[in-house]
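Reading through the structure tokens given below for one structure.
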Amino acid sequence: VLGDDRFWPSLLRTGIWTFVSVAGEYALGLISAIALAQPIPGRTIFRALIIIPWVIPIVVAGLTWTWMLTPDYGVINLWLIKVGLLSKPYYWLGNLDSALLTVSFVNIWRSFPFYTLSLLAALMAVPRDILESAAMDGAGAFRRFIYITMPHLRAVSLTLILIHVIWTAINFDFIWVMTQGGPLNSSETLPIMIYRFSFEDFDVGAASALAMMMMGLMLATFFIYWYGAARPSDEDAAW
Amino acid sequence: MVKSGFDRALRTGATYATLCVLAAFCVFPFLWMLDTALKPAGEVRSVNPTFWIATPTLENFRHVISDANFLLYFRNSVVVAGGSTLLALTVSVFCGYALSRFPRQPLSRAVGGALLLSQMIPSVLLLAPLYILMRNLGLLSTFRALILVYCTFSIPLCCFMLKSFFDTIPLELEDAAEMDGCSRPKFIYRILLPLSAPGILATGLFCFVTAWNEFLFGYVLINNDARRPLTPAIMVFKGPHLTDWGALMAASVLAVVPVALFFVYLQRFLVDGLTTGAVKG
């Protein structure tokens, strides 16, 4: 498998796909959680609306976006042209440069509500009195956020990111539904490769070898997290 | 905190603006799916798409249900998701009980660890082994295969969810019941289950939704069209080249409806569950 010239590009793409997705999901999740934590009327409605993508089956989400992104009749292209951002329809899923990123974008769309819920729960648990005393001491909203809120979110964030790095790296459905790894393998990640090995080449040995390597990668991630998470808790104890 | 009126107004405005943008981002594809499903073919392929439907029609739904047999796929999904939910719940009630009541026993620690580990094994990795296993058992293209496979990932999840629900039921209740001569199985069945009914329902629904949304195994393990669950059926229905988007979106709506209904009920448990988890640390 290592000698296969599709392996390294595929590994690299898995990395890009995972990194872009998780970073985007975390950023959106954090923004939406902060917005939802503000005491304003109507936030339960917004909360319900924001969770919607997470409930929709991946296949349905993937196909709906594929439909919206089709070059000839897709809404997104036609509206972007109307607004003047594009001069002609762009085949988002059919271009070598954009296919993987487009699928990542859709993955972000579907997964970030989970971050919102978890981060929101953690935000609600940040003690108000610390925030207030900091405000009293003259810390601005931004500094309060960096020095008080963020450290409180650290444990939740680490766990979220770890789980999602694993879930994203192994995700097969999205890529398969939207591009099937194409065009020209430009969105082929390791899970897609495993699938191709076992059900198109019928080379179960290679598929299993690849699967074991992925498993190793996952375990490595897990241990990095383990040691990464152990340290902050020591600091917390000292503090 | 003391704030000037202007500051507060600015902040509220910014919050609403962010929320509105995000909500639109989240809801738009969903609405567009509904919208497309209700459009006649001519309007679906318009170069000037709008939300406005000149002549709304149920033609797409009719086509999907009567010509493409989506009711059958729908039923298959119900059978598979329901079956795996029942099986997973039955196993997990006992497992969750043991995990909750004897957390320090070496055996339950080992089982808990194994369950946690199994959560981390990605399903794609199990694809080839499970396929071969099912072939050797002669279960390919049967509902039983899917039910068993779905249980591999729903049982760990259910065990942990149920464990945390059982944890909230005080030990004193169990002592009191035992004092009155109630055996353990009887306690589970007479006291524990009724008390944690909402939790069990939530776990079951969660499990059902996970199985309902699952795509990969349904796609690979079922080759018989009559047994195909809904999500792979949608993918197969798409076809390689020419796609009838109106009908496809109608099928998608069918797939989303039950999930959406369950979710209305589930939502409060999701938020509660995550919150209690966060507080307990």
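Since we're looking at a predicted model, the values are computed, not measured. Chain naming here is simple, since letters A, B, ... match the order of the sequence lines and numbering starts at 1 in each.
- Taking the six-membered ring for Trp and the full ring otherwise, the centers of B:Tyr150 and B:Phe153 sit less than 6.0 Å from each other.
- Among B:Tyr16, B:Tyr131, B:Phe30, the residue with the largest count of heavy-atom pairs under 4.5 Å with chain A is B:Tyr16.
- Heavy-atom pairs under 4.5 Å with chain B were tallied for A:Ile194, A:Thr116, A:Val59; the largest tally goes to A:Val59.
- Considering all non-hydrogen atoms of both residues, B:Ser77 and B:Trp212 come closest at CB-CZ3, 3.5 Å.
- At least one side-chain heavy atom of A:Ile50 sits under 4.5 Å from a side-chain heavy atom of B:Leu19.
- Panel note: side chain B:Arg227, backbone B:Ser141; a donor-acceptor pair is recorded below 3.5 Å.
- In terms of heavy-atom proximity, A:Trp65 sits nearest to B:Phe25 at CH2-CE1, 4.4 Å.
- For chain B, no part of A:Ile34 is nearby; none of its heavy atoms comes within less than 4.5 Å.
- Only the side chain of B:Val220 comes within contact range of chain A, with heavy atoms under 4.5 Å apart.
- Heavy atoms only, all atoms of each residue included: A:Tyr26 and A:Ser157 are closest at OH-OG, 2.7 Å.
- Looking at B:Ile132, only its side chain comes within 4.5 Å of chain A, counting heavy atoms on both sides.
- Most heavy-atom pairs under 4.5 Å with chain B, from the set A:Ile58, A:Ile56, A:Leu63: that is A:Leu63.
- Only the side chain of B:Thr18 comes within contact range of chain A, with at least one heavy atom under 4.5 Å from a heavy atom of that chain.
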